[in-house]
Amino acid sequence: MQILPMPQTGMTQIIRSDQVQIELSEPPIRYYRHGWQSWSLAAWTDLAPLPAQKPAIFHPLQTDAEYTLESRPNGSWLGAVEFAGGDVLLLGALGLEAHVTLEDTRLVGRCEAGDVEWLAACGPECEVFAAYAAALGDRLGRTSVSGPAPRVWCSWYSLYTTIDEAVLGQAFAGLADLPFDVLQVDDGWQVSVGDWQANAKFPAGLPALAEKIRATGRRAGLWLAPLLAVRSSRLFRDHPDWFLRDEHGKLVSAGFNWGDHLYALDTTRPEVDAWLAGLMKQVRAWGFDYIKLDFLYAGALKGVRYRDIPREAAFRQALTTLRTAMGPDAFFLTCGTPILPVLGLCDAVRIGPDVAGIWESDRDARLFTNPSTPGTKNAIRTVLGRLWLQPLLRVDPDVAYFAPAWNELTPEQKRLLQDLALITGFKATSDLPHWLDDGACTALRSFLEASPTVDQLDRAAFCIDGRRVDFSPALSLPAAPRGLAALEAGLLGWLGSQPPVLKIFNALLDREYRKRRMSI
Ligand code: 9PG
C-alpha cells in the first residue's frame, strides 16, 4: 500500500502499487463515477450515496456486480473529485482489475490482482483527463481516430427483433441514395443466443444477406453476442462444461435478457478460444467486415476459470482472439463492454446505454433509479461523461433519430442526440427510409455529410460550427423515491427480478415490436 501526498495543481505522478491512498487537502464538492461497462453510469455526481438501481436481476448486465452495493462514491479503474476552487484531482489505474472509492477524506485505489500503475493528477478537468487518456494509450494501445468514421445504418432501433430477409431488403433498397458506409444487421438473425446461424427468417442465408448489402456499395455489418448463451442453445446443451462457474460449481449468472437467463463462456478454455476464433472467421467468410460484438461484459464476470487469471485479463485475452480472427481490416465495434480492457483492440466502443424513442421512462428513473436502461436522457448523460476517451478510439454514442414515426422525443431532444453524434463523429441511425418525410430526409442527409468544427465550452456545453449546444437537461439523476413511491419501487423492483414476470414483459415487448412491424 502507498500513501501519496495530494499532487500540486498542474502535477502528475505515476506509482506502482496494489493500493494507493491520497489524503485530500479539503473536502471535495463532486465526484466523478466511472461505471464498468458501456451501459453503466459515468457522470459527475454529488457525494451522497446513489440509490441502488433496480431490478437487482440486471446488476450483472448493467453494473460491475462486485461493487453494486458499495454506497460510497466509487467507480471502475478511475475516480476524480472536484474542489470548490474548480481543480480536479484524478486517480486512475493504468491497467486492469482496479477500482477507486472515496472513503471519507481519502481517495483510495485498489487492484484486485496485485500491483498496477496508478496515475494521480491535479488541475483543470480537461488537462487531468487528457493526461490519464494519454498514459492509458501508451500502456493499453490506441486505434486510429483519423479520418471520418463509417456512417452506419443499424437495424435495431426501428425493427428490433422483427428483422427478416424481406424487410431488410426493402430497407436496404430504400436507403440507396443516402450516404451510409455500412448497413448493419442487428439482433434477430440468429437461431438463438449461443447458436450463431441464420434462423428461419433468413432462408437465403447470411452470405446472401451480406452480398445484398455489398451490392449497394456498402460494407456489411453484423451484430453478435459471442461471450454468452442461453441454456436452451445447442452450444450450452453440447458444452455445459464451457460455461463459467463459481467456487461451488454453480453457473455464474450473466443476467437476464431475451426473456431468459444468460450464462457466460469460460474463455480461458482452449476449446472456447478456438470456437470464438472459428466464429469470427465464419462471420468474415459470410462477407461481413463491420462487426458489432455485444454483451461483452460476460467475458469479465467473477468466477473460477480453467486458467486461473484475473477476470479482466481473461476478457482482454478473449478480445485479442476475437480481433485476431476477424482480421485487422474488419471494423470492430464493442458494446456492453467493460471499457478499459478493449483499448487498443477495437476500432470503436459504445460509451453509453441504449437510446430510445422516449426521453426517460418514469418507471426506470423515478422508481428504479436506474441510469442504465434504454432512454435518450440516460444515453446522453453517460456519453458526455466518457468523451475523454476520444483520443484513444472512436466512441459510439448510439443512434440518432430523424423520422417522426414511433418516436416521442421532442425536436429539441432529437437534435441533442444528433449533436452528440456530430461531437463524436460517429454517426448512425436506424430510421427506415419510408418513415422519412422530406424534412427528415434532408436533415439526415446533411447530418451524414457534415464535418463541423466542435469546441467544448464546459462540462455540458459545446459550440458546433458556431452554434451553442447545451446538454444540461440530460445531466440530472433521479432522486430516491420516498413514501408511497418507495413502497411501490420496492414491490416493482422485486417483481422486476422475477423471471416469470420478465418473461411476460418480454412477450409483451415482442408483441409491441411485431405491431410496429405490421405497420411497416
Ligand atoms: C440487441 C441490443 C442492441 C443494442 C445493444 C444491446 O438490459 N439492458 O440493460 C440492456 C441494455 C442494452 C441492450 C440490451 C439490454 O441493448 O446495446 O444496441 O444491439 O443489445 O439486443
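When a residue number appears, it is its place in the shown sequence, counting from 1. Both counts, for ligands and for their atoms, begin at 1 and track the order of listing.
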Worksheet item: Quick one: are the ring centres of Phe58 and Trp39 less than 6.0 Å apart?
Response: no
Fill in: Contact check, Tyr160 vs ligand 1, heavy-atom distance below 4.0 Å
no
Fill in: Pair Gln53-Ser372, side chain to side chain donor-acceptor pair (under 3.5 Å): steps then yes or no
CA-CA 9 Å; Gln53 62 185 73; Ser372 305; 3.3 Å; yes
Response to the item:
Contact region, Thr373 to ligand 1, non-hydrogen atoms below 4.0 Å, reads neither
Response to the item:
If we number the atoms of ligand 1 from 1 as shown, the ones under 4.0 Å from a heavy atom of Lys292 are 3 (C), 4 (C), 18 (O), 19 (O)
Item to complete: Could you go through the salt bridge (charged side-chain N to carboxylate O under 4.0 Å, His left out) check for Arg214 and Glu211 one step at a time?
Response: CA-CA 5 Å; Arg214 294 215 314 266; Glu211 188 44 45; 3.0 Å; yes
Worksheet item: What is the nearest protein non-hydrogen atom to atom 2 (C) of ligand 1, stated with its residue, atom name and distance?
Response: Trp156 CE2, 3.6 Å
Discussion item. With heavy-atom distances below 4.0 Å as the criterion, list the atoms of ligand 1 near Arg350.
Written reply: 17 (O), 18 (O)
Worksheet entry | Electrostatic pair Glu512-Lys515, nearest N-O below 4.0 angstrom | yes
Item to complete: For Trp223, take its heavy atoms, then give the atoms of ligand 1 lying under 4.0 Å from any of them.
Response: 19 (O)
Discussion item. If the cut-off is 4.0 Å to any non-hydrogen atom of Gln62, which atoms of ligand 1 fall inside it?
Written reply: 7 (O), 8 (N), 9 (O)
Worksheet entry | Check ion pair Asp362-Arg366 (N to O, under 4.0 angstrom) | yes
Practice prompt. Check step by step if side chain to side chain donor-acceptor pair (under 3.5 Å) holds for Ser476 and Lys377.
Written response: CA-CA 9 Å; Ser476 65; Lys377 184 181 180 190; 2.8 Å; yes
Response to the item:
Contact region, Cys335 to ligand 1, non-hydrogen atoms below 4.0 Å, reads side chain
Worksheet item: Does Tyr157 come within less than 4.0 Å of ligand 1, judged by its heavy atoms?
Response: yes
Practice prompt. Give the C-alpha distance, both sets of side-chain angles, the deciding distance and a yes or no for side chain to side chain contact (heavy atoms under 4.5 Å, CB included) between Phe243 and Leu235.
Written response: CA-CA 10 Å; Phe243 288 82; Leu235 183 74; 4.0 Å; yes
Fill in: Those atoms of ligand 1 less than 4.0 Å from some heavy atom in Leu61
7 (O)
Item to complete: Can you pull out the closest protein heavy atom to atom 14 (C) of ligand 1? Residue, atom name and distance to 0.1 Å, please.
Response: Phe295 CZ, 3.6 Å
Worksheet item: Which of these, Leu224, Asp354, Asp294, has its nearest heavy atom closest to atom 16 (O) of ligand 1?
Response: Asp354
Fill in: The single option from Asp186, Asp398, Thr429 passing side chain to side chain donor-acceptor pair (under 3.5 Å) against Tyr157
Asp398
Discussion item. Within ligand 1, which atoms have a heavy atom of Asp186 less than 4.0 Å away?
Written reply: 1 (C), 3 (C), 19 (O)
Practice prompt. Find the distance between CD (Glu70) and CG (Leu50) and round it off to the nearest 0.5 Å.
Written response: 11.5 Å
Fill in: Per-atom contacts, ligand 1 versus Asp187 - under 4.0 Å to a heavy atom
1 (C), 21 (O)
